[in-house]
Every structure is written in structure tokens, then in C-alpha cells.
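As the structure is a prediction and not an experimental result, all values here were calculated from the model.
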There are 2 protein chains.
Amino acid sequence: MDTKTLCLGVLAHGDASGYEIKKAFEDEALGHIQDAGFGSIYPALSRLLKAGHVTVTAETQAGKPDKKVYSLTPAGRLAFLDALATPSKFDQLRSDFLFKMLFAELMPARQLEAALDAHVAEIRGRLERMAGDDCGHVGVGPQFVHGFGLAMYRAADAYIEEHKYELLRAALMSEQPAEAAE
Amino acid sequence: MDTKTLCLGVLAHGDASGYEIKKAFEDEALGHIQDAGFGSIYPALSRLLKAGHVTVTAETQAGKPDKKVYSLTPAGRLAFLDALATPSKFDQLRSDFLFKMLFAELMPARQLEAALDAHVAEIRGRLERMAGDDCGHVGVGPQFVHGFGLAMYRAADAYIEEHKYELLRAALMSEQPAEAAE
DNA sequence: AGAAACATGTAATCGGTTACATGATTAT
DNA sequence: ATAATCATGTAACCGATTACATGTTTCT
């Protein structure tokens with residue numbers, strides 16, 4: 001998904017400035033599945049403006065810098081619907097964590113355990129934050145995605161807990177048993 | 001993970017040519033979690049050679065083009081171990097599919113169902129292919145990763161099956177009930 | 001006083017994807 | 001014949017990340 005389509009998606013849920021679009025990628029459902037920085041959002045909005053997919057209105061704010069609020073045009077809405085209809089290629093699991101685990105045998109046991117624990121801790125933190133989200137007000141789409149995220153994180157958590165000792169045992173056995181002398 | 005580190009990883013499992021490294025990203029465990037094309041592998045190998053992380057030996061083959069077989073140097077092995085020790089940022093779920101599902105309400109019911117079915121079909125295909133892999137000979141690392149992939153795909157499959165009708169019902173209700181007249 | 005949030009943008013850089021360029025052999 | 005596999009590489013392009021540049025207000 002390119003940043004232009006991502007911006008169209010955020011704007012489909014309501015008018016927003018570039019800054020507000022950035023914030024949308026930091027919390028809630030969107031933050032877990034896509035990301036974009038200022039350096040890609042602002043140029044994307046310029047291109048969308050040129051293409052006629054959005055319009056912009058400058059809003060002067062008391063005590064705050066001016067805001068440029070973008071709105072979807074009918075053409076922009078159509079373009080977004082079109083993007084939704086385009087089949088995208090299947091998402092890879094693409095994970096640095098899993099890549100490292102492929103080489104678990106090359107890592108010292110302590111380092112392996114630290115990597116595993118850090119990953120589980122991150123998953124649990126996300127799980128907790130997500131459990132607190134109230135999804136009553138959001139639509140079925142975001143609810144589905146939220147539930148999907150929960151299911152994935154829970155499955156990952158459970159799998160790692162169940163299998164980390166297999167990994168750790170192998171790592172410990174491959175190390176010199178000289179540690180008993182320490 | 002940049003392509004250089006990915007190449008180091010493949011070479012840590014044994015000497016290989018650029019072509020063979022590319023193949024490693026197409027099958028088995030690696031293919032599910034990382035990807036790299038010729039256009040990034042060859043330049044990466046050149047840079048690794050310049051950095052002294054790999055050495056190269058030209059192998060003349062009867063009836064086939066010459067091969068350049070790369071081997072890790074001790075420095076390269078160290079650099080890879082170092083990369084494994086470096087904490088990487090947490091993997092996002094980053095999914096085009098989920099992004100689209102966020103906007104399920106904007107899609108026609110048929111298109112939504114098609115997207116859902118295509119995704120499930122892809123997951124099941126992968127699940128079947130993975131079930132056939134014999135993991136007896138590989139190490140604990142690749143076995144862990146293989147099992148992780150299976151667990152994730154199974155969880156995704158189960159979640160979609162359980163919740164697709166919620167999505168579909170909402171999509172059908174939001175459409176005009178004029179279809180009974182057709 | 002200093003940091004953080006609000007707000008927008010540009011420029012340099014870096015790296016990945018895609019297409020191009022070449023060429024032999026083997027299988028259909 | 002033609003496509004596919006084996007084999008290596010370069011060049012153009014595209015876009016994302018990062019840093020830079022600017023300026024106010026509010027909170028600590």
C-alpha cells in the first residue's frame with residue numbers, strides 16, 4: 001500500500017490535516033497494520049491534490065499554527081474504492097524476529113532468551129493496550145481487524161511460550177558445560 | 001533486515017552463489033519471512049566482498065554458466081553474529097489485507113466475500129504446502145520458525161472463518177434490498 | 001528554562017524494485 | 001521453435017526514511 005492510498009483511507013473516515021493523518025498511524029487499529037511518516041504523508045497529499053483526489057482548506061487557529069484540512073473529492077473516493085477492489089498480493093509474515101530465530105543455534109543461550117523474552121513482553125504489552133480499547137462505537141471493519149490482531153498476538157504468545165524451552169535447551173546443550181565451575 | 005544481513009544468514013548455512021541465495025528466498029522457511037531479488041542480492045554481495053565479509057571463488061561448470069561461489073569469512077561470521085545480537089524493532093503485522101478490511105463497509109458484499117475467500121484460500125494453500133515439509137533434518141531454529149508459521153496461519157484461518165459472516169452480514173444489510181427483484 | 005505537542009514542509013540519502021542486457025543448455 | 005532454468009550483472013526509477021528548517025504554545 002502506498003502512502004497515497006493510506007491517506008485516502010484515513011480521509012474516507014473524515015477530513016483531516018497531514019498532522020492528524022500522521023497521528024492516525026500512531027494509535028488504534030491503523031497503527032498496528034500500517035505506518036507512514038511526515039516525509040511521505042506531505043508529499044502524498046500534494047500529489048493527491050494535483051490529481052484532484054482531495055481538496056484543501058486552510059484553517060486559522062487561535063494560538064496554534066495554521067492547519068490545512070484535506071477532504072476527499074468524489075474522484076478521490078472513487079480512486080480509493082478502486083484501490084480496495086484491486087487484489088493485493090498476499091502479506092508475508094516478514095519478520096526480523098523469525099529471521100533471527102532461524103539462527104537460534106548460533107546465538108548464546110542468554111542472548112536467545114533475552115530476544116525471546118523481549119518479544120513476548122512486547123506482544124503482551126500490545127495485548128493489554130488492545131484489551132482496553134472499547135470497540136462498541138467503531139464499525140464492523142475496524143472491529144474485525146481489532147479481533148484479528150488480538151487473535152494473532154495471542155497465538156504468537158502461546159506458541160512462543162510452548163516452544164521456547166526447546167530452543168533454549170538446544171542452545172544450552174551446545175554451550176560448554178564449564179559453567180558449573182563458575 | 002537489509003539484504004546484506006540476509007545474505008550473510010544464507011551463507012552461514014553454507015557457501016552459495018548469488019543465484020542460489022535467491023532460490024533460498026523462494027522455498028522453505030526463509031521464503032515465508034523474508035524476500036530479496038537479484039537486483040538487491042548481487043549489489044549486496046559486492047559490498048560484502050569489499051567489506052571483507054565474504055570471499056568468492058569462480059567455479060567453471062560443464063554445460064552451465066560459470067558460478068561465483070561466496071563463502072563467509074571469520075569477519076563476516078562475526079558481523080552476522082553481531083547483527084543477531086542487535087535488538088530489532090518489533091515486527092508490525094503490516095497487512096494490505098487488514099487495511100482493506102478496515103473499510104469493509106465501503107465494499108460491495110460480493111467484492112468483500114471474494115477478498116475474504118481469496119485470502120483464506122491462500123492461507124490454506126500455504127498450510128498444505130507447509131504440512132508436507134519434513135522438518136526432521138533441520139535444526140531447532142528452522143523448526144521453531146516453521147511451527148510458528150503454521151500456528152499463525154492456523155489462527156488467521158480460524159479467525160476469518162469465525163468472523164467473516166459478521167462482516168458479510170453488515171455488508172449485505174447496507175446494500176439495497178432491491179436484489180430480490182432481479 | 002526546557003521539553004513536548006502542534007503544524008508544515010523540503011532536501012539528501014539510501015535502498016529496493018523493475019527492466020534491461022547477455023548467453024548457454026535443457027526440456028517441451 | 002520456444003520456454004524454462006541456470007547464471008551474473010547494471011541502470012533507471014521510485015519512494016521511504018531521516019534530517020533539516022521554522023515557529024508557537026503549553027506544560028513541567
Side-chain angles (χ1 to χ4, degrees), chain A residues 1-8 10-11 15-27 31 33-51 54-71 83 88-92 94 96 99, chain B residues 1-8 10-11 15-27 31 33-51 54-71 83 88-92 94 96 99:
Chain A
M1 283 285 163
D2 59 23
T3 310
K4 273 192 300 193
T5 310
L6 260 25
C7 289
L8 288 177
V10 175
L11 292 175
D15 296 353
S17 64
Y19 193 83
E20 287 162 348
I21 291 173
K22 171 75 171 83
K23 276 195 305 180
F25 290 107
E26 274 159 18
D27 50 39
I33 51 174
Q34 299 289 343
D35 199 16
F38 288 122
S40 48
I41 290 171
Y42 286 122
L45 287 171
S46 301
R47 269 178 270 144
L48 287 171
L49 195 62
K50 236 183 291 178
V54 298
T55 53
V56 69
T57 315
E59 274 186 23
T60 322
Q61 301 183 119
K64 280 183 190 172
D66 285 4
K67 224 196 230 188
K68 283 189 176 181
V69 177
Y70 293 87
S71 306
S88 44
K89 38 182 180 267
F90 190 78
D91 315 305
Q92 302 268 121
R94 284 187 159 285
D96 285 7
F99 178 74
Chain B
M1 283 287 164
D2 58 22
T3 310
K4 273 192 300 193
T5 310
L6 261 22
C7 289
L8 288 177
V10 174
L11 292 175
D15 295 353
S17 64
Y19 193 84
E20 286 162 348
I21 290 172
K22 172 74 169 81
K23 276 195 304 181
F25 290 106
E26 275 158 18
D27 51 38
I33 50 174
Q34 298 288 344
D35 199 16
F38 288 123
S40 48
I41 290 171
Y42 287 122
L45 288 171
S46 302
R47 269 178 270 142
L48 287 172
L49 194 63
K50 236 183 292 177
V54 299
T55 54
V56 68
T57 316
E59 274 186 22
T60 322
Q61 301 183 118
K64 280 182 190 174
D66 286 2
K67 226 197 233 190
K68 283 189 176 181
V69 178
Y70 293 87
S71 306
S88 44
K89 38 181 182 276
F90 190 76
D91 314 305
Q92 303 268 123
R94 284 187 159 285
D96 284 8
F99 178 73

Legend entry - Over all atoms of both residues, closest heavy-atom pair of A:Leu8 and A:Val54: CD2-CG1, 4.4 Å

Inset, instruction - Would you kindly give the CG-to-C1' distance between A:Asp35 and D:dG15, to the nearest whole Å? - result: 15 Å

Legend entry - Gap between atoms CD and C1', on B:Gln34 and C:dT17 respectively (whole Å): 16 Å

Inset, instruction - For residues B:Tyr19 and B:Tyr42, report the shortest heavy-atom separation together with the two atoms involved. - result: N-OH, 3.7 Å

Inset, instruction - Could you tell me, to 10°, how much the axis swings from one end of the helix from C:dA1-D:dT28 to C:dT28-D:dA1 to the other, five pairs per end? - result: 40°

Legend entry - Closest non-hydrogen atom pair, B:Gln92 against A:Gly31: NE2-O, 3.0 Å

Legend entry - Length of the CE-P vector between A:Met1 and D:dG15, whole Å: 15 Å

Inset, instruction - Please report, rounded to the nearest Å, how far the C1' atom of D:dA4 is from the CD atom of B:Glu26. - result: 13 Å

Legend entry - CD-CE distance between A:Gln34 and A:Met1, expressed to the nearest 0.5 angstrom: 7.0 Å

Inset, instruction - Any chance you could measure B:Ser46, atom OG, to B:Ile41, atom CD1, to the nearest 0.5 Å? - result: 12.0 Å

Legend entry - Euclidean distance, atom CG of residue B:Leu45 to atom P of C:dG16 [Å, nearest integer]: 13 Å

Inset, instruction - Could you run through nucleotides 5-10 of chain C and give me one letter per nucleotide, 5' to 3': B if any protein heavy atom sits under 4.0 Å from the base, S if only the sugar-phosphate is that close, - if neither? - result: SBBBB-

Inset, instruction - Kindly say if A:Thr3 contacts the phosphate of D:dG15, meaning a side-chain N or O under 4.0 Å from OP1 or OP2. - result: no

Legend entry - B:Ile41 CD1 to D:dT10 C1', straight-line distance once rounded to whole Å: 15 Å

Inset, instruction - Could you state the atom-to-atom distance from CG of A:Leu6 to C1' of D:dA16 in whole Å? - result: 12 Å

Legend entry - Distance in Å, B:Tyr70 OH paired with B:Glu20 CD, rounded so as to fall on 0.5 Å steps: 11.5 Å

